[in-house]
Amino acid sequence: MEKTYNPHAIEQRWYETWEENGYFSPDMDTDLASDSGQDSYCIMIPPPNVTGSLHMGHAFQDTIMDALTRYHRMKGDKTLWQPGTDHAGIATQMVVERIINAEGKTRHDLGREAFIEKIWDWKAHSGNTITRQLRRMGASLDWKRERFTMDEGLSEAVKEVFVRLYEEDLIYRGKRLVNWDPVLHTAVSDLEVISEEENGHFWHMRYPLSDGGGYIIVATTRPETMLGDTAVAVHPDDERYQDMIGKTIKLPLTDREIPVIADDYVDPEFGTGCVKITPAHDFNDYDMGKRHNLPIINILTVDAAINNNAPEKYRGMDRYEARKAIVKDLDDAGLLEKIDEHRLMVPRGDRSGAVIEPYLTDQWYVKIAPLAEPAIKAVENGDIRFVPDNWKNTYFEWMNNIEDWCISRQIWWGHRIPAWYDGNGNVYVGKDEQAVRQQHKLDDSISLKQDEDVLDTWFSSALWPFSTLGWPDKTPELDTFYPTNVLVTGFDIIFFWVARMIMMGLKFTGEVPFKEVYVHGLVRDSHGHKMSKSKGNVLDPIDLIDGIELETLVEKRTSGMMQPQMAKKIEKQTRKEFKDGIPAFGTDALRFTFAIQATTGRDIKFDMGRIEGYRNFCNKLWNASRYVLMNTEGHDCGMDNDEMEFSLADKWIISRLQQTEQQVIDSLNTYRLDRAAQAIYEFTWNEYCDWYLELSKSVLNNDSASAAQQRGTRNTLIRALESLLRLAHPIMPFITEEIWQRVAPLVGIQGDTIMLQPFPEPQSAQVDQDAVDEMNWLQQFVLGVRQIRSGYDIKPGKPLNVLLANGSDSDKARLQRNETMLIKLARLESITWLDDDNAPESATALVGEMQILIPMAGLIDIDAERERLNKEIESNQGFISKLEAKLSNENFVSRAPEQVVAHERQKLAETQNKLKSLTEQLEKLSSL
RNA sequence: GGGUGAUUAGCUCAGCUGGUCAGAGCACCGCCCUUACAAGGCGGGGGUCAUAAGUUCGAAUCUUAUAUCACCCA
């Protein structure tokens, strides 16, 4: 093995081997349909956009899913991690459109069919970036089952669902106010609209009464919409306007008259208390218009320019151009009261960034209430559990206020809506034109035209858990893996995706799509800011794995920016933060970093110090393994049933291993990857490496150790490492596989890969509590010597003579059993029991009540030791007075559980003994 | 305005059912290139657990209020 861990050399190779051998498949050696008696385990990957590339959020999420998947696969479950990608309608269309635009054309030049052809081409060539990157992460996805939301099977499922919902009156077509994106020319759902506060104005306009009796002042943030006003509303109890109600107003700039109406919705405190009502261009006004039977006048085109329903002067003007013109005309007519500065919420499309207009169009909707009800129940009754639990509140909050879902989009890339129209505007829904003709007995003389719209991308995503498994066909996959076990996702798509999967799953399979929803946090930069291209603080997981030169990183962060003026600042920032670029940390280190920070419900601030530390951990494991292999390969490791003798250290490390295994299992079962990783880290470094490997040297490098003892130690050394590798494999797949390949034969395991080995199962019979206690004693002993050594600048290599006093029988027995180890580990010359009181001047340490004395002659400064003892005494006295106060409290003694009281008493006694011992030592020194 | 979460060492974070829970890593200080590892070893310093009240024999942990920050919804 190389002296230094080099992730690059091992990762790529192992992934290819795993994939080629089909290790990721649940049916590699058994037929799925056959009943093997295994439990099944299935996770659906949240399908990334085909246009996408791997970002830190994916890397985090994929680490969690892969660790769970590998854990269950090793546990012996029939395990499937289902891969696939999403066609991501608007996002993908925009990407390809941009490419075409760069060639000086628009999609309209190409026409619908040719454009869609282009997208498929593009997908074939550039669409698998993210699946390549998933492989770099070590993701054990069953690639031969990879699906795409627009592939044939999934399209079939989409049609089936649409037709069935339509037939049950759960899908309808209606003219409604929708969120209209005037750049993309499509409706978008509420969720795709991001409202943020921006600076704007509040225009106060005078609306003259028709009877000439003055005017009413209305305030608006969008004056151009006045062309579509069909009423002015006031609160019914507003005394200021009582006599206005029922009168009419002569709407300025038009020749229309509109009524003054009364409605509770109006807030008398806000603005002037009079509100202009534009039912065609505002959601609240739309509702009010319906209540009062007001006409609905649409004044905008699909581009958000003024249309022909408006006075001729404004026709064809863009909405903002029209705004200026109208404000000016009102002002000229003396109808502009005032203009206030105003902060207002501006709705923008999440894809285009364009200001969204409420717009009246024909769209398809899913009637959501009948679907939402069982979906709410499923979470209420525990069929679906959120982890952490509090996310269910967010879910309920949304589900209880859910509106019908607008599912049609006026774009080209997506599932075309399976609806056909005849010349008379009749609509027929069916899987294809032929089915429609057949069902409705329409012969060829009637020409049918398919709906031009496509479905919202999330419509097909909502079917993902069952459509990928073959639904609507009854497949072995569906039978085996549905309902899936857990959905791992970010909170940002609970509404977009999770809720809709639950509704569709329940509706079409009668079962929940997954039993648990594990909601993880966001990956932020080291300062806690969201990573974004425009801020220039994005880290690419692949760069952390492979490393990247500073210049390349700067180039990457500053190219193709929306706001090029930011480039300078970003460059400076980047050069400061990554003076030497980013070193190659490797996939395992990255995964470990994510795992150990995957506490529930908390965002991750990604700190370079952490990943560096865990890269070092990989190196530690690597070198420990080198040591183990050097001492076991070609040696007798006790595999031939020859006699073995196990040392204290052997029994101790095996005990601790069992306990660690239990801790890892418990943690993984409760989605606490952080605890699992922490347990592995601490066991490996603080116990196996720091203590056990060192102790093993005192047996292996000791010529007087017996063959049975050496066999016992070699056996333990290699067995513990082999188990540890399996324990760590779900989190660190590559390094564990690489090392395991060399380790496994030494413990007699035949197997091609660690991936398919059983996960460690702790054996309580192997936990030797006496050994754990005795080891603790030994550690205290060594620590005491080391503290003295370090405290007096005694050279680490200088052998010391140690005297022991005040030891119990058990101390004596323990010493006898472990003398060799102690001498080696604490670098001692000799250990001698002191049988009289004639101790020389010494520095002292305590193990329980036993005193460890290191004679000072020539080594130690008396004053320094006195000072050290005083300090120690002081701290013990403090502790004692705290304990005494507690124990003299009658309430504590009588009310606290006996155990606790006894424990406190014991602590007090121990500390008092310790104090006595220390005081004696101090007196001895002082008397000199 | 409604909701959720957070506040623990200089930094990033653990701390499970209230009782060895005041911890880890990084950073810092001292000693050491000891034949697995200097990406290392050994030892050490450092926190009034945001604030205030309360419950309790006992609170980082439970309750309430306040402050600050973050996110979601309107």
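Atoms considered below: every heavy atom in the structure, side chains included; atoms not considered: hydrogens, waters and symmetry mates. Naming: A, B, ... by sequence-line order, numbering from 1 per chain.
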_Phosphate contact (B:C73 OP1 or OP2) by A:Asn401 side-chain N/O below 4.0 Å_ = no
*asked:* Counting only side-chain nitrogens and oxygens, does A:Arg827 get under 4.0 Å of the OP1 or OP2 atom of B:C32?
replied: no
*So, is A:Lys392 near the phosphate of B:G3, with a side-chain N or O under 4.0 Å from OP1 or OP2?*
no
*asked:* Looking at A:Lys605, I'd like to know whether one of its side-chain N or O atoms comes within less than 4.0 Å of OP1 or OP2 on B:C13.
replied: yes
*Within the distance-only criterion (no hydrogens, no angle test), does the side chain of A:Asp525 pair as donor or acceptor with the backbone N or O of A:Met531 below 3.5 angstrom?*
no
*Compute the ring centroids of A:Tyr614 and A:Tyr681, then answer whether they are less than 6.0 Å apart.*
yes
*Is the gap between the ring centers of A:Phe734 and A:Tyr5 under 6.0 Å?*
no
_Distance check needed: B:G40 P versus A:Leu621 CG, whole Å only._
14 Å
*Would you please classify the geometry between the A:His520 ring and the A:Tyr518 ring as parallel, tilted or perpendicular, with 30° and 60° separating the classes?*
tilted
*Report the base-pairing partner of B:A24 (Watson-Crick or G-U wobble, both distances below 3.5 angstrom), or none.*
B:U12
*Counter-base of B:U68, judged by Watson-Crick or G-U geometry with both distances under 3.5 Å*: B:A6
*Would you please confirm or rule out a distance under 4.0 Å between OP1 or OP2 of B:G15 and any side-chain N or O of A:Arg675?*
yes
*Donor-acceptor pair under 3.5 Å: do we get one between A:Glu694's side chain and the base of B:A36?*
yes
